[in-house]
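Note that ligands are numbered from 1 as they come in the structure, with each ligand's atoms numbered from 1 the same way. All residue numbers in this chain count up from 1 along the given sequence. What you are looking at is a predicted structure, and each value in this text was computed from that prediction instead of being measured.
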Amino acid sequence: MKKINVKTIKLINFYKQINYNLIYSNKAINRYKKLGSFKLSDSKESSLKNLKKSLENIKNCDLKKGAKNIVFSDGNPSSKIMFIGEAPGANEDMEGLPFVGRAGVLLDKMLLSINLDRKKIYISNIINYRPPENRRPSDEEIKRYMPFITKHIEIINPKILVLLGSTAMNALIGNDIVISKARGKWIEKTFGNCKTSVIITFHPAFLMRQPAQKKMAWIDLKMIRDMKIKLKI
Ligand code: URA
């Protein structure tokens with residue numbers, strides 16, 4: 001029989017002491033539990049990819065047929081603040097990104113005024129393909145895209161949801177309200193598993209046409225800033 005040397009005996013004792021069975025067992029240990037939290041963002045990433053794919057595979061949609069690119073989103077998918085506009089315009093269609101035209105320049109300034117930027121928030125639109133001549137999307141088009149934007153909100157799971165303009169407001173809150181009365185108020189809403197605080201404010205394109213309303217938008221922006229502090233975002 002082969003002799004066991006002192007070194008091997010010490011090693012066996014060491015393994016006994018540290019309960020090596022645990023190390024080789026199939027049971028999850030804390031290290032793997034930590035990996036679980038990475039998995040969450042993995043699943044967010046794959047959910048977003050799947051959502052984008054289903055939008056790209058949409059059939060018999062005139063908006064999609066007439067558009068150059070899908071406009072899915074911009075910003076940080078991990079952000080707890082999500083902004084939703086109406087639909088892409090010509091610049092957005094060209095670049096495949098939301099709010100990159102003149103309205104986007106104003107949106108960036110609005111964000112900056114409360115110390116936000118695109119890396120700190122997430123942006124999308126109710127409709128992901130440019131309507132011809134930048135017309136307002138029809139009720140039917142909005143209805144068709146509703147499951148996608150609600151799923152989008154659910155995946156991002158924001159704590160604060162900012163609706164820019166009446167199209168986003170009517171689609172996600174209801175048709176029986178007017179923006180001049182509904183803006184600047186917090187509304188608790190649930191989208192699937194996502195419970196969020198919603199605020200409606202004027203669309204930057206509207207503010208370019210009606211600059212006198214910027215003072216109201218500033219009130220809304222300060223409410224967003226304060227809520228961000230309150231929720232420790
Ligand atoms: N207006 C919108 O509502 N969305 C955009 O992406 C650009 C302009």
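- Ring centroids of His152 and Tyr122 are separated by less than 6.0 Å, placing the two rings close together.
- By the 4.5 Å heavy-atom criterion applied to side chains, Asn170 and Ile142 are not counted as neighbours.
- Summarising the contacts of atom 7 (C) of ligand 1 with Glu92, Glu95, Glu86, the nearest heavy atom is found in Glu92.
- Regarding atom 4 (N) of ligand 1, its nearest protein heavy-atom neighbour is Asn125 OD1, 2.9 Å.
- Applying the 4.0 Å criterion to heavy atoms of Pro98 picks out, from ligand 1, the atoms 6 (O).
- Every atom of ligand 1 with a heavy atom of His203 under 4.0 Å away is listed here by number and element: 1 (N), 2 (C), 3 (O).
- Of the possible donor and acceptor atoms, one in the side chain of Ser79 sits under 3.5 Å from a partner among the backbone N and O of Lys120.
- Asn128 has its side chain out of reach of Pro88: every pair of non-hydrogen atoms, C-beta onward, lies at least 4.5 Å apart.
- Here the side chain of Thr196 pairs a donor or acceptor atom with the backbone of Lys159 at under 3.5 angstrom.
- With Gly85, Ser73, Ala87 as candidates, the residue nearest to atom 2 (C) of ligand 1 on a non-hydrogen basis is Ala87.
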